[in-house]
Amino acid sequence: MKHELLVAGFGGQGVLSMGMTLAYAGMVEGKEISWMPSYGPEMRGGTANCIVIVSDAKISSPIIAAFDTVVALNQPSLDKFEGAVRKGGLLIYESTNIIKPPTRTDITIVPVAAAEEALKLKNSRTMNMIILGAFLERTHVVETGAIMQALAKVLPERYHNLLPLNETALKRGFELAARVAA
Amino acid sequence: MKHELLVAGFGGQGVLSMGMTLAYAGMVEGKEISWMPSYGPEMRGGTANCIVIVSDAKISSPIIAAFDTVVALNQPSLDKFEGAVRKGGLLIYESTNIIKPPTRTDITIVPVAAAEEALKLKNSRTMNMIILGAFLERTHVVETGAIMQALAKVLPERYHNLLPLNETALKRGFELAARVAA
Amino acid sequence: MDTVQVDPIAEGLECVYARPADTLTETRLHYCPGCGHGVVHRVLMEIVEELGIQDQTIGVAPVGCSVFAYHYMNIDMQEAAHGRASAVATAVKRLHPDRYVFSYQGDGDLAAIGTAETIHTANRGENILMVFINNAIYGMTGGQMAPTTLLGMKTSTSPGGRTIETSGYPLKISEMIALLPGVAYVTRQSVHTPNAVRHLKKALLHAFRYQKEKKGTCLVEVVSNCPSGWKMTPGEANEWLEKNMFPLYPPGDIKVPHS
Amino acid sequence: MDTVQVDPIAEGLECVYARPADTLTETRLHYCPGCGHGVVHRVLMEIVEELGIQDQTIGVAPVGCSVFAYHYMNIDMQEAAHGRASAVATAVKRLHPDRYVFSYQGDGDLAAIGTAETIHTANRGENILMVFINNAIYGMTGGQMAPTTLLGMKTSTSPGGRTIETSGYPLKISEMIALLPGVAYVTRQSVHTPNAVRHLKKALLHAFRYQKEKKGTCLVEVVSNCPSGWKMTPGEANEWLEKNMFPLYPPGDIKVPHS
Amino acid sequence: MARGSVTLSIETCKGCSLCVEACPQESLALSPEINTQGYHYAVLVKDNCTGCINCALVCPDAVITVYRENKKKGKVPVATISNVARDISVTIDDERK
Amino acid sequence: MARGSVTLSIETCKGCSLCVEACPQESLALSPEINTQGYHYAVLVKDNCTGCINCALVCPDAVITVYRENKKKGKVPVATISNVARDISVTIDDERK
Amino acid sequence: MTVSTAELMKGNEALAEAAIRAGCQAYFGYPITPQSEILEYLADEGRRRGMIVLQAESEVASINMVYGGAGAGARVMTSSSSPGISLMQEGISYIAAAQLPCLIVNVSRGGPGLGTIQPSQGDYFQATKGGGHGDYRLIVLAPSSVQEMADFVYDAFDLADKYRNPVMILADGALGQMMEKVAFRDYNPKEHTPAKPWATTGKPRSRERNIITSLFIEPEKMEQINIRLQEKYAVIREKEVRSECFMTDDAEYGIVAYGLAARVAQGAVEIARSHGIRAGLLRPITLYPYPSDAVRALAERVRGILVVEMNAGQMVEDVRLAVEGRVPVTFAGRMGGIIPSPDEVFAALENLTTQDVALHAETY
Amino acid sequence: MTVSTAELMKGNEALAEAAIRAGCQAYFGYPITPQSEILEYLADEGRRRGMIVLQAESEVASINMVYGGAGAGARVMTSSSSPGISLMQEGISYIAAAQLPCLIVNVSRGGPGLGTIQPSQGDYFQATKGGGHGDYRLIVLAPSSVQEMADFVYDAFDLADKYRNPVMILADGALGQMMEKVAFRDYNPKEHTPAKPWATTGKPRSRERNIITSLFIEPEKMEQINIRLQEKYAVIREKEVRSECFMTDDAEYGIVAYGLAARVAQGAVEIARSHGIRAGLLRPITLYPYPSDAVRALAERVRGILVVEMNAGQMVEDVRLAVEGRVPVTFAGRMGGIIPSPDEVFAALENLTTQDVALHAETY
Ligand SMILES: Cc1ncc(C[n+]2csc(CCOP(=O)(O)OP(=O)(O)O)c2C)c(N)n1
Ligand SMILES: Cc1ncc(C[n+]2csc(CCOP(=O)(O)OP(=O)(O)O)c2C)c(N)n1
Ligand code: SF4
Ligand code: SF4
Ligand code: SF4
Ligand code: SF4
C-alpha cells in the first residue's frame with residue numbers, strides 16, 4: 001500500500017498540521033512516512049501545502065507531480081492542484097470557501113462543507129479534522145485510532161482537553177464524506 | 001643575444017633599482033626585457049633580489065633557476081645564489097661586505113669593493129652603479145650610453161643633478177672589474 | 001453590523017488623502033497584517049511623490065522582509081545582498097551624486113551582518129539616507145533574535161528570553177553612528193500611531209533636504225513592530241512597542257546638523 | 001667612538017631588567033627598526049610571565065604586520081583571518097572560560113575589515129582583551145590608508161593626503177566601543193616614551209585583572225608608529241605621533257569599570 | 001451629513017485592525033466577511049467620519065482614501081497627494097521647476 | 001664606577017636609535033659597524049649609565065638587559081623579570097599559588 | 001527530548017539532535033532559510049543539554065568562530081544555506097589550511113544570487129572543488145533522507161577528527177524541511193573523540209606552544225604544507241569513498257544522482273523497471289572523495305549513463321571524468337529550486353535509451 | 001603619465017593604466033599583496049584623470065559597491081588576491097545572477113588559507129567553476145604577460161558589457177609584480193560602451209522603473225532566470241573561446257598551460273626542441289569558456305599531453321574532460337607560491353615521452 005496526498009490551502013487553515021497528523025498516524029501504524037511542506041517566506045500569509053506519503057515500503061521520491069488524493073481548502077489551491085490528481089484519484093475540497101467547483105470527470109470529487117460544520121462544533125480549528133475524517137472515510141490510509149494517538153503526540157499537553165472534540169470532528173468528516181455519492 | 005641576471009642583497013642596497021636601470025637600458029636599445037622582483041612582506045628589511053632578462057627575442061619564461069650572471073651584494077645572498085650561476089657563468093660580489101668569498105671554480109668570479117669605492121665618491125648610494133659598471137665591463141649586455149638614458153628616466157627629475165656622479169660611478173665599476181684577472 | 005455606503009465625491013467631499021499613485025505600485029504588499037514596513041514604504045513614497053523626485057531617486061532594498069520593496073516603490077531600485085545595502089548605495093551615490101539615494105534596511109541587515117558597511121558608510125559621510133527599520137527581530141527568516149532584541153525577549157533563537165550572558169546587550173547602533181563626524185542627522189521615529197507617522201514623515205523630509213544640501217549621512221531609525229515574530233496581534237504589538245521598546249529606544253532626534 | 005666594555009655581574013651589579021625569557025621566544029622580530037609592535041609584544045609577554053599565566057593564556061594574532069606574533073610570544077596562539085581575531089577569540093574564550101584570551105590587532109584589521117566582529121564581540125561583552133595597535137596605516141601591505149589615518153596624511157592610497165570627500169574621517173573606534181554596555185574597560189596608550197610604556201603595562205595589567213574578574217570586554221588601544229609606512233626614522237615617527245596623533249587620539253582611559 | 005468619509009479597498013486590506021484602533025470616531029470595523037485572501041477586511045460602519053486621516057496614516061497597506069468637507073472651497077487638491085506634508089514647513093526646491 | 005650598566009645583543013639590534021634617544025645620560029650610540037643583518041647596532045659609549053631602564057623600555061627588539069647597583073643588598077632578583085611591575089599596585093592573584 | 005526509538009522529525013532537527021548526541025560542544029551560526037531550525041533547535045535543546053550555542057553577527061563571524069573553537073580543541077560546527085556558505089569561503093580555506101576538524105552544513109537553496117529558498121544542488125562545485133582559494137578539499141557527505149541527515153553528523157565529526165579536515169554535509173532545503181522517521185544510533189562521543197594535543201588550550205611548561213595558523217610565508221614551506229594536504233587527500237580518496245547502488249546488477253542503463261535527486265531517480269528507476277527498462281541507480285554518498293571507481297565500473301556494464309541533478313549540470317563533470325568516453329553520458333536537471341519529478345527523470349532516461357546518442361556527447 | 005609608445009611597467013600598473021583608458025568609471029577595492037599597486041596607481045593617476053576610486057572597508061564591501069556601481073550603469077571594477085576574492089564569492093554570485101557587467105581582477109597568491117604572497121594558480125576552480133553558490137559562470141581571462149595584463153582589460157570590459165556578465169582577469173603575483181614592455185592600444189571607451197537602458201539612474205515618466213535584483217522567490221521564475229543564464233553561457237562558449245598555440249603543428253607531445261605557467265612551459269618546449277623532442281604548447285586564454293575543442297584537436301594529433309599548473313592540478317580536469325581518454329594526460333605542478341622552472345617542466349615532459357604511461361592514468 002502506498003498513498004500519495006497533497007493538502008493545500010491558506011496559511012492559517014491547518015494545512016501543514018493536518019498533513020503532519022496523518023504522518024504521525026502512519027508512524028503509529030508502523031508505516032513508512034514522508035511529509036514535505038512547501039515552505040516559503042513563512043511569516044507571510046498566502047497559500048501553503050504539503051505532500052504526505054504513507055507507504056508499506058521504503059519511499060523513494062518524497063516529491064511527486066501527481067497524487068492519489070488532493071485536498072484543497074481554498075479556491076486558489078483548487079485551481080492550482082485540480083490537475084494534479086491522478087486519473088481515477090480523489091479530490092476533496094472545502095465547499096464553504098470554494099465557489100468555483102472542480103470540473104474534472106475522471107476522478108472522484110468529494111465536496112465537504114467542513115468550515116460550516118466546524119462552526120457547528122464551535123471551533124473553527126476543527127475544520128481540518130473534519131476534512132481528515134472525510135479523507136479517511138474514502139481512503140482508509142490509516143485507522144481513526146492511529147489518528148487519535150497521533151494527535152496526542154502532535155498537540156501540546158495543554159491542548160489535550162481538545163482531543164475529544166477532535167475525535168468528534170473526525171467522525172463528522174466520516175459522516176459527511178459517506179453522504180456524498182461515491 | 002639573451003642574458004639572464006640575478007641581483008641579490010640587502011633591502012636598502014639598491015638591488016631592485018639596479019636591475020630596473022639595466023632593464024630600462026635594454027628598452028632604450030630596443031631589446032626585450034623582463035624584470036622580476038622577489039617580493040615579500042616588503043616593508044621589512046632582509047634580503048631582496050630580482051631577475052633581469054635582456055634578450056633580442058621574445059622572452060618565454062621570466063622565471064629561471066640558473067643564471068648567466070649572479071650579482072651578490074651581501075653574504076646571505078652570496079651563500080644562497082652562488083650555486084645558481086650557470087657553469088661558465090659570471091659571479092660578481094661586493095667584496096667589502098662579504099667576508100666568506102665564493103668557492104666555485106667552474107665560473108668566473110669578480111669581486112668588486114664597491115662599498116669602499118662608493119665612500120670615496122662620498123655617496124654610498126652609488127654602490128650599485130659601481131657594481132653595474134663592473135657587470136657591463138664583463139658582459140656588455142647594454143651600452144653605457146643606454147644606462148645613462150635609462151637613469152634619466154628612472155631617477156625623478158629632482159635627482160637629475162646626480163646623473164654625472166652616477167656616470168662616474170659606472171666608470172669606476174668598469175675600471176675595477178677590468179683590474180680583476182678574467 | 002451594517003456598513004455605511006457613501007460616494008464621497010457625490011457627497012461633495014474632497015479627497016484629502018490617497019495613496020501616492022505614481023510612486024506606489026498597485027502590487028499588494030506581501031507583509032503580514034499590521035506590519036510597520038508598509039507604513040514606512042508608503043510615507044517614503046509620499047515624499048518622493050510630493051517632492052516630484054521620482055526620476056531623481058534611487059533606492060536600495062535589503063535582504064529582510066522588505067527585500068521586495070522594489071515591487072512596491074515605483075522608482076529605480078537595487079536589491080542588495082544581506083547587510084550590504086549601504087555599500088551598494090555608496091557606489092550608486094558616488095556615480096550619481098545628483099540623485100537622491102537611500103537604503104532601506106532591517107536591524108539584522110543594518111546592525112548585524114552589515115555592521116561594518118553601515119559604520120564605514122556613515123564614517124565616510126556618504127551623502128545618502130539610511131532608513132533603518134528596527135523591529136527587534138528577524139522577521140523574514142521566522143523570528144530569530146536580532147542585535148536589537150530586548151533583554152528577556154523571547155525569539156526562536158532565544159527561546160528562554162535574551163540573556164546578556166549568551167547574547168550580550170541590545171545594540172543601540174543609531175547612538176553609535178551619531179558619534180561619527182560624517183553623519184549629519186540621526187533620528188528615531190516610529191509608526192505605531194497617526195502622530196508618530198506624521199513625525200516620521202517630517203524626519204524623512206528633513207533627511208531628503210539634508211541630502212540635497214550635501215550635509216552627509218542621514219539615518220532615520222523607525223522603531224517598528226513585527227506582529228508575526230512577536231506573536232501578537234498588530235494592536236498588541238504596537239502597544240508592546242511603546243511600552244517595551246521606547247524605554248531603550250526612545251523616539252526623537254539623536255543628532256541634528258548645525259544650522 | 002669607543003664602546004664601554006663592562007661585565008655588570010663582575011662589577012657587582014644586579015640585573016634589573018631583562019627580556020621575559022619564558023614568554024618571549026628567541027626568534028628575531030621581523031618588524032622594521034623602531035616599530036612599536038615589538039614593544040607591545042614584549043610588554044604583553046612580561047605581564048604573562050610575571051603573573052605566571054603562560055599556561056593559562058591563549059592569544060589570537062591578526063593579519064597585519066603582527067601576523068607572526070606567535071613566532072615571538074611563547075604561548076598557545078591562533079592566527080585569525082584578516083579582521084576576525086575577535087570572532088576567533090570569542091570561540092576560544094567560550095570554550096575555555098577559565099583561560100586568559102586576548103586578540104592583538106592592527107587598525108586595518110580591527111577597525112576596517114573587522115568592524116562588525118569587533119563591535120559585536122564588544123557588544124556581547126565577551127570576556128576577552130583586545131589589544132588594538134593604531135598606527136594610522138596599513139603597515140603589512142605597504143603603507144595604505146587605514147580607517148584611522150589622519151586627515152591630510154599621505155599614504156600610498158591617499159597620495160595627496162586623506163580628504164574627507166573621498167575617504168571620510170579618521171575613525172575613533174575606541175570611543176564608539178566604549179559606548180557599549182558589555183565593555184568594561186577602554187583605554188588609549190602608547191609606547192613612544194619610557195613612561196608611555198610604563199603606563200601601557202599598567203593598563204594591560206588592569207585588563208588582565210578585569211578579565212579574571214569577568215568584567216566584560218577590555219580594549220587597550222596603543223597609538224603606535226609605523227616608521228616604514230610613514231617614511232620617517234623611528235625617532236621622527238615617535239615625535240610625529242605625539243604631535244599629530246595625540247590631538248585626535250588622546251592617551252588616557254576612555255572607560256573604566258565601576259568600583 | 002458627515003464632515004468626512006473614507007473608502008477602503010477590500011482586496012488589499014489584511015484586516016490588521018490598526019485603522020479601527022486609530023479611528024477616534026470608532027467609524028471603522030472589520031467585516032465578518034473575508035476577501036479572496038482570507039482576511040476580514042475593514043469597512044466604514046458609522047456615518048460620523050471627520051476625515052481626520054488617522055486611519056489612513058497607520059494603514060500599512062495603503063488601503064484607505066480619505067475625503068473631507070472642503071471648507072475653504074478653493075481648488076480641489078490632486079487626489080493622489082497626501083496632505084500630511086501640509087503641516088510641515090520642510091520643502092525641497094526642485095531646480096527643475 | 002657607574003651606578004648601572006647595560007648589555008646589548010648585537011645581532012638582534014636593528015639600529016633604530018630609540019634607546020639612544022631615550023637615554024637621559026646619553027650613554028648609548030649606534031656603532032659605525034653593522035651586524036650581519038646590515039644594521040648599525042647600539043652600543044654603550046659612556047660609563048655613566050644609571051640603570052634607569054628607559055632604553056630597555058622603548059627597545060622594540062628586546063635587545064637590552066639592564067643592571068643596577070643593589071642598594072638594599074637583599075636577595076638578587078630573578079634576572080628574567082622586568083621590574084616595571086614593581087611600581088604597579090595591580091596584581092592578579094593566581095589561584096594556583 | 002532524548003529520543004531513542006524512531007521519531008518523526010524534520011531533517012534540520014534530526015541533524016541538530018544528532019549534533020548534540022555526537023558531542024558537538026559548540027555551534028556558531030546565523031539564521032537563513034531553509035536551515036534556521038538547526039540554530040533554533042540547538043538554541044533550545046542544545047543549550048539545555050550543555051552545548052555552547054552562539055548566534056553570530058554573520059556567517060563570516062560564524063566560520064571564524066568555528067576556526068577558533070576547532071583550534072581550541074572542541075567539536076564544533078556551523079550551518080547555513082547557499083549565500084551564507086559563500087560568505088564563509090575565506091574562512092573555510094583557512095580551516096582547511098590550518099587542518100582543523102569541524103562540521104559545516106549547507107542546506108542549500110536555489111541560486112545564484114539571492115535566488116530562491118527552494119531546494120537546489122547548485123553548490124556542488126563550490127563544495128567539492130573548493131569555493132575558496134587555494135588547493136584544498138572538504139570531505140563532502142550528501143544525505144538523501146532524514147535518517148541520513150542524522151547519521152552523517154556522527155560520520156562527519158569522526159572523519160573530521162580522523163583527518164583533521166573540515167567536513168561538509170551538503171543537503172538541500174527539502175531534506176531540511178521534510179519529515180521522515182529517524183532513529184538515533186548509540187554513540188558515545190568520548191569513545192570517538194581523539195586527543196588533540198595540537199590544540200590551543202594554554203601551554204604548560206611540559207610542551208612546546210601550540211600554534212594554529214595557515215600562514216607559511218616562505219613558498220618552500222607553503223609547498224610542503226600543500227604536499228602534506230595532497231597526501232592526506234590521497235588517503236581520503238583511497239579510504240573514505242562511499243556510494244550505494246540500486247538495481248545496477250543487471251542494469252543496461254545507469255543513473256547517477258545524489259541527495260534528494262537520488263530519491264527522485266530511484267523513483268524513476270522503479271518506473272523504468274515497470275516499463276521493462278533495466279535501469280539502475282548509483283548514488284554517490286561522498287561527493288568528495290568522489291566514487292570515480294564505482295562510476296567507472298558502472299560505465300563498463302551499461303550502455304549509457306544519465307546524470308540527474310537539481311542544477312545545470314555540475315557533478316556530471318565528475319561522472320564524465322570517470323567514464324572517459326566509454327559510454328554516452330547525458331544530463332537531466334532542474335534549476336532554481338525546482339525538484340524534478342520521477343516521471344521527468346524517467347522521460348530523460350527513455351530518451352537516452354531510444355535516441356541515438358553520439359559518443360562523447362556534450363552534456364549541455 | 002599618458003603613455004602611448006611602449007613603456008616598462010609592472011603588470012599591476014599596466015592593468016590599472018589600461019582600466020583608466022578603458023573608461024572604467026569607478027574602482028572599489030581593499031589592499032592586499034601582491035596587487036595593491038592597482039589600487040595605489042588608481043588612487044593617484046586614476047583620481048587625477050577623473051575616476052572614482054574608493055578604498056573600501058573590506059572586500060565584501062568592495063564587491064557590493066561594484067554591484068551598486070554596475071547596476072547604476074557604470075563601467076566598474078575591483079581587484080584583490082586570493083583570500084580577498086574568497087570573501088567576494090557571495091557578491092560575485094549576486095552580480096552574475098543580476099547580470100551586471102563588471103571586471104574582477106584576481107592577482108592570485110599561494111593558498112589555501114593565508115598561505116603565502118607568492119604567485120599561484122590555486123584559484124582556477126574558484127574562478128572557472130564558480131566559487132560562489134548556484135549555477136553561474138564568470139568569463140575568465142588569463143594573461144601571461146604584462147602586455148596582456150593591459151590588453152585584457154579592454155577585452156574584459158567589452159565582454160562584460162556585451163553579455164552583461166562579470167568578467168574575471170585571473171593573473172598571479174608574478175605577473176602583477178614583474179616589469180615588461182607594454183604598449184597601450186588605441187581605444188575610445190565611448191565607442192565600446194553600449195547603452196544601458198536597464199540601469200538604475202532615476203526613473204523618468206517615460207519608462208518603467210529599473211530593478212537590479214537576483215531574487216526570484218518563485219522557483220519557476222528562478223528556473224527561467226537560470227535557463228536564460230545557461231543560454232547566455234552557451235553563446236559565450238560558442239563565440240568567445242580563445243587560445244594560442246606554440247609549435248603544435250608537428251608536435252608529438254603537447255603541453256597545456258595558461259598564464260605565467262604557459263611562459264614557463266614555452267621555455268620547456270624550447271628546451272625540448274633543442275633536445276629533438278617535438279613538443280608544442282597550447283595556451284588557453286579564456287579559462288571560461290574553456291577551449292575544449294582546441295584541446296581535443298591537440299589530443300587527436302599528439303601521443304600524450306602534459307598539463308602544467310602552479311597548483312595541485314585543477315585545469316587538468318578540464319583537459320581530461322576534453323581529451324576523454326584519447327591519450328595519456330599527465331600533470332606537473334608546483335604549489336604554495338612556487339613557480340616551476342622550464343627545466344623542471346622539461347623533465348616532466350621527458351617522463352611523459354619515455355615512460356610507459358597507461359591510458360586513463362590518474363593525474364595524481
Ligand atoms: C548572507 C545571508 N545570510 C542570511 C540570510 C537570511 N536572512 C534573510 S533576511 C534576514 C534577517 C532579516 O531581519 P531584519 O534585517 O531585521 O529584517 P526584517 O525581516 O525583520 O524586516 C536573514 C538573516 C541571507 N539571505 N543572506
Ligand atoms: C581578506 C584579506 N584582505 C586583505 C589582506 C591584506 N592585508 C594584510 S594585512 C592588511 C592590513 C594591515 O594593516 P593593520 O591591520 O593596520 O596592521 P599593521 O600592518 O599596520 O600592523 C591587509 C589589508 C588580507 N591578508 N586578507
Ligand atoms: S515577519 Fe514581521 S517584519 Fe516581516 S512582514 Fe511579517 S510582521 Fe512584518
Ligand atoms: S611596516 Fe610599519 S607596522 Fe609594519 S613592521 Fe614596519 S614599521 Fe612596523
Ligand atoms: S489598517 Fe489597513 S490593512 Fe489594516 S484593517 Fe485597516 S484598512 Fe485593513
Ligand atoms: S632600541 Fe633596541 S633595536 Fe633600537 S637601537 Fe636600541 S637596542 Fe637597537
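Residue numbering restarts at 1 for every chain, and letters A, B, ... go by the order of the sequence lines.
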Quiz item: Which bit of Cys52(E) comes within less than 4.5 Å of chain C, counting heavy atoms only: side chain, backbone, both or neither?
Solution: backbone
Self-check item: Region of Ile64(E) that comes under 4.5 Å of a non-hydrogen atom in chain C
Solution: backbone
Of the non-hydrogen atoms in [X] and [Y], which two are nearest, and what is the gap between them?
{"X": "Leu13(C)", "Y": "Gly4(E)", "value": "CD1-C, 3.7 Å"}
{"X": "Leu18(E)", "Y": "Gly235(C)", "value": "CD2-N, 4.0 Å"}
{"X": "Pro194(C)", "Y": "Ala22(E)", "value": "CG-CB, 4.1 Å"}

Self-check item: CD (Glu239(C)) with more than 12 external heavy atoms under 6.0 Å
Solution: no
Quiz item: Should the heavy atoms of other residues, nucleotides or ligands under 6.0 Å from CD of Glu11(E) be counted, would the total exceed 12?
Solution: yes
Does [X] reach the main-chain N or O of [Y] with its side chain, forming a donor-acceptor pair under 3.5 Å?
{"X": "Arg19(C)", "Y": "Ala62(E)", "value": "yes"}
{"X": "Arg28(C)", "Y": "Asp61(E)", "value": "no"}
{"X": "Lys14(E)", "Y": "Tyr31(C)", "value": "yes"}

Sub-4.5 Å side-chain heavy-atom contact between [X] and [Y]:
{"X": "Tyr17(C)", "Y": "Thr65(E)", "result": "no"}
{"X": "Glu69(E)", "Y": "Val16(C)", "result": "no"}
{"X": "Pro8(C)", "Y": "Thr7(E)", "result": "yes"}
{"X": "Val6(C)", "Y": "Leu44(E)", "result": "yes"}
{"X": "Ile53(E)", "Y": "Arg198(C)", "result": "yes"}

